[in-house]
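Every chain is numbered from 1, with letters handed out A, B, ... down the list of sequences.
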2 protein chains.
Amino acid sequence: MTDPAPGRRRRDAAATRQAILDAAVAAFTRHGYDGVGVREIAQSAGVTAMLINRYFGSKERLFAEAVDVAFAPRTVIAGTGAELPGETARALVRRTAPEAEELGPFLLMLRSAANPQAARIMREAIALHAGRHLNEELCGPDAGVRAELMLSVQAGVWLMRRVLGTTALAEAEPEKLAERLESLFGLLAEGGSPQPARRPLAEGGSPQPARRPLAAAPPEG
Amino acid sequence: MTDPAPGRRRRDAAATRQAILDAAVAAFTRHGYDGVGVREIAQSAGVTAMLINRYFGSKERLFAEAVDVAFAPRTVIAGTGAELPGETARALVRRTAPEAEELGPFLLMLRSAANPQAARIMREAIALHAGRHLNEELCGPDAGVRAELMLSVQAGVWLMRRVLGTTALAEAEPEKLAERLESLFGLLAEGGSPQPARRPLAEGGSPQPARRPLAAAPPEG
DNA sequence: TGGCGAAGTCTACGACTGTAGACATGGCTG
DNA sequence: CAGCCATGTCTACAGTCGTAGACTTCGCCA
């Protein structure tokens, strides 16, 4: 994986550092923080284990940088506006398909959560990346809670479908599964208070008092 | 933790075996499969590491028995019938509170998911325990998928709130969080096809067309 | 072309892992 | 009281872990 060196990489500090970082992201995603050693990562990058300590200081700091790389893209949330729930649900179902080879931040998160230090690093990364990105899309009351609940649902589906591989979810029809998840995400994307009709004390008889969490419909269909 | 031996346990094979098993459940739940060694488990049980191999054959088989013990109680799903979503949501919020000391099968699941062998053991245990229990409560179309989706949501909340400790969910007001989760579980508890009216196209006619996920309102507010 | 600093490697250490085999010990039965 | 087998412990082994220090090699610049 991640071919070590095509012709033999010459002495290029930046390229070597990047090769180590790429190998670390892949390795941590596949096996988790405790499941992979620095020797294995170094071999994937085509270098020696000691170079990891030279460039990153320690395995823990390498992990922190790998987490930053893996959590940076906003692919965890797909689509904008009214299409956010559907797009996110369909992307989630597609990427967690049993035959999919795609990696992603959720696999890294789930497989490294057991280690307390790794958990702390990821908590801080989530506060930086995912929280910021999601708050751009979600507005309304409790946007932070709803954003993290969307992440929770996605993480749970990744866990069951890809990490554990439970039967029902693995064999479910993708379209119907995506529709169910879309309804869940729709409930979290809209900013209204939960269960509008069942809360008698909620002011306002209209079940959707503030239904404009999305500024404008995006141009693309 | 789990005081090794009050006065000094005499030679009692069954009690010793049970002590090892109890210590294993606690240790695997706290640190995950790869995060704890057999010596540590044995010390918690007040015995020597080799006795684990004598009674269970290997660390992996001890883990399998611990998983069976941890997954056996049906506490992952609370309440019955119409009160299932609310009861499950409130129990989930209570047990995942940051100050809660309670352990549980989801912590064991999340913290051991990185190891492939542990994942396989837990997949089989879920197929036995959780699937059977949940299918007793949930009926209708795609009951298995909906059951595993309920497990997914719960696992995600456990991950974010207790394992990672993300800020928004950790600091959320328990009552409002429980209401949001209750609406999610209500969507999964009812057997109807997802998105009854929003599927044709998101024309904003009636936002809440069919909203009777629960037969009767639970007594408590 | 020489040399010098950066880039990369080699060896090794101490700690830890799961487990196999040999050894010790105590409670029950004759 | 004697013996014996289940119960439990001790020592050890082969392996892996992260990483510190010394060493070598290459590329650039004067």
Side-chain angles (χ1 to χ4, degrees), chain A residues 4-24 27-28 30-67 111-112 114-118 120-121, chain B residues 4-24 27-28 30-67 111-112 114-118 120-121:
Chain A
R8 187 62 179 175
R9 180 180 49 249
R10 302 219 311 275
R11 312 188 132 212
D12 187 339
T16 299
R17 203 189 129 98
Q18 189 62 42
I20 293 174
L21 197 51
D22 293 342
F28 286 140
R30 266 187 250 267
H31 309 111
Y33 181 82
D34 288 324
V36 71
V38 290
R39 286 172 175 83
E40 190 175 346
I41 296 173
Q43 190 177 15
S44 288
V47 296
T48 317
M50 270 314 299
L51 221 55
I52 288 181
N53 268 343
R54 259 178 110 69
Y55 279 126
F56 297 91
S58 68
K59 182 189 182 185
E60 185 178 327
R61 279 192 278 196
L62 170 64
F63 179 77
E65 289 213 30
V67 165
R111 292 196 169 126
S112 302
N115 189 289
Q117 309 181 30
R120 173 183 49 80
I121 290 170
Chain B
R8 187 62 181 174
R9 182 182 46 250
R10 300 212 316 272
R11 316 187 128 211
D12 186 338
T16 300
R17 203 190 129 97
Q18 191 61 42
I20 293 174
L21 197 51
D22 292 343
F28 286 139
R30 267 187 250 266
H31 308 110
Y33 182 81
D34 287 325
V36 70
V38 290
R39 285 171 175 83
E40 190 175 346
I41 297 173
Q43 191 178 14
S44 288
V47 297
T48 319
M50 270 314 300
L51 222 56
I52 288 182
N53 268 342
R54 256 178 117 66
Y55 279 125
F56 297 91
S58 67
K59 182 189 182 186
E60 184 178 326
R61 280 192 279 197
L62 170 64
F63 179 77
E65 290 212 29
V67 165
R111 290 192 169 130
S112 302
N115 189 288
Q117 308 181 30
R120 173 183 50 80
I121 290 170

Inset, instruction - Return the value, rounded to whole Å, for the distance between atom CG of B:Asp34 and atom P of C:dC16. - result: 17 Å
Inset, instruction - Find the distance A:Leu62:CG to D:dC17:P and express it as a whole number of Å. - result: 15 Å
Legend entry - Non-hydrogen atoms of A:Ser112 and A:Ala118 that approach each other most closely: O-CB, 3.4 Å
Legend entry - Nearest-0.5 Å distance, CG of residue A:Asp34 to CG of residue A:Asn115: 4.5 Å
Inset, instruction - Look up atom CE in A:Met50 and atom CZ in A:Arg39, then write down how far apart they are to the nearest 0.5 Å. - result: 10.0 Å
Inset, instruction - Would you indicate, yes or no, if D:dG8 has its OP1 or OP2 atom less than 4.0 angstrom from a side-chain nitrogen or oxygen of B:Thr16? - result: yes
Legend entry - Whole-Å distance separating the CZ atom of A:Phe56 from the P atom of C:dG8: 12 Å
Inset, instruction - Starting at atom CD of B:Gln43, determine the distance to atom P of D:dG8, rounded to an integer number of angstrom. - result: 17 Å
Legend entry - Point-to-point distance, once rounded to the nearest 0.5 Å, from OG of A:Ser58 to CD of A:Gln117: 9.0 Å
Inset, instruction - Determine, for nucleotides 19-30 of chain C in 5'-to-3' order, which nucleotides have protein heavy atoms under 4.0 Å from the base (write B), from only the sugar-phosphate (write S), or from neither (write -). - result: BBB---BBS---
Inset, instruction - Find the distance A:Ile41:CD1 to D:dG18:P and express it as a whole number of Å. - result: 8 Å
Legend entry - A:Lys59 charged N/C atom sitting above A:Tyr33 aromatic ring, 6.0 Å / 45°: yes
Legend entry - Side-chain touch B:Glu60/B:Arg120, heavy atoms, less than 4.5 angstrom: yes
Legend entry - Between C:dA15 (P) and B:Glu40 (CD): distance, integer Å: 18 Å
Inset, instruction - Let me know the distance between CG of A:Leu51 and P of D:dA20, rounded to the nearest Å. - result: 14 Å
Legend entry - Candidate nucleotides D:dC10, C:dC10, D:dT7, ranked by approach to the side chain of B:Tyr55 - the nearest: D:dT7
